[in-house]
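This report refers to the structure that appears directly beneath it.
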Amino acid sequence: MSDLDEVSFSPALWKRPFLSHWLPLILWMGVIFYLSDQDKDQTVQTSGFVLWLLSYLPLDPEWLTNPAFKVFVRKSAHMTEYFVLYLWAFRLLNWYQPFQIAWSGAAFLSIAYAMTDEFHQTFVPGRGASIRDVGVDSLGVCLGMIIIWVFLRPSQAKIT
C-alpha cells in the first residue's frame, strides 16, 4: 500500500468533513422531520410560541391575531427551514464537488426532501400533504441558490 492510500483512508481525514459538513445537514434534516412529525395541536402550540416571540417586536397587535398574518408566519417558517437546508446541503456538496454540481445538487436534494417531508405528514394525525407547501419550501431553496450565486461566485466556490 502506498503512502497516498494510507492518507486517503485515514480516519482523521474523514472526521473533519463529517463533523463540520455532514453532521449539520443531518441534524437540520432531523429538526425538519421533528417539526413535521408534530400533530395539529402541537403545530398550533409551536405557532403560538412564534407569535408570542413576535409580540415583542414593534408590530401592530392586531397583526398578531390576523389569520392572514398567521399563515404568512407559517409559510415564512417553511421557506426558512428549506433555505437553511439548502445552505447546509450546498456546503456539504461543495466540499466534494465543483460549484455548479453542488449548487444544483443541493437544490435537488432539498426539494426532494421537501417532497418526502410532505409525504411523511400524511402519516401524522391532523396533518396532510400539500403540493403548495413543497412550492413554498422550494422558494426558500431558490432564495438560497440566489444568495449563494451572488455572494459566492463559481470562481470562489470552496467554502469551509
Residue pairs fulfilling salt bridge (charged side-chain N to carboxylate O under 4.0 Å, His left out) with at least one residue in residues 128-143, sequence neighbours excluded
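For residues 128-143, and leaving out neighbouring residues, the salt bridge (charged side-chain N to carboxylate O under 4.0 Å, His left out) pairs sorted by first residue read K75-D133.
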
So how far is it from [X] [atom1] to [Y] [atom2], rounded to the nearest 0.5 Å?
| X | Y | atom1 | atom2 | value |
| --- | --- | --- | --- | --- |
| Y86 | I146 | OH | CD1 | 10.0 Å |
| S110 | M29 | OG | CE | 7.5 Å |
| Q100 | W149 | CD | CH2 | 6.0 Å |
| L27 | W88 | CG | CH2 | 9.0 Å |
| S20 | L92 | OG | CG | 9.0 Å |
| T116 | Q121 | OG1 | CD | 10.0 Å |

Would you say [X] and [Y] are hydrophobically clustered, going by side-chain heavy atoms of ILVMFWY under 4.5 Å?
| X | Y | answer |
| --- | --- | --- |
| I111 | V31 | yes |
| L23 | L25 | yes |
| I101 | I148 | no |

Could you name each residue pair satisfying ring pair (Phe, Tyr, Trp, His ring centres under 6.0 Å) that touches residues 117-139, not counting sequence neighbours?
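Applying ring pair (Phe, Tyr, Trp, His ring centres under 6.0 Å) to every pair that reaches into residues 117-139, excluding sequence neighbours, yields F33-H120, F119-F123.
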
If hydrophobic residues (ILVMFWY) are linked whenever their side-chain heavy atoms come closer than 4.5 Å, directly or via other members, who joins L139 in its cluster?
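For the cluster that includes L139, the remaining residues are M79, V136.
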
Fellow cluster residues of V71, listed by chain then number, with links counted only when side-chain atoms sit under 4.5 Å apart:
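Via sub-4.5 Å side-chain contacts, V71 links to none.
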
All side chain to side chain contact (heavy atoms under 4.5 Å, CB included) counterparts of [X], not counting sequence neighbours:
| X | result |
| --- | --- |
| A129 | E118, T122 |
| A102 | F90, L93, N94 |
| F108 | none |
| I32 | W28, E81, Y82, L85, Y113, D117 |

If you take all heavy atoms of Q38 and V124, which pair is closest and at what distance?
O-CG1, 3.4 Å

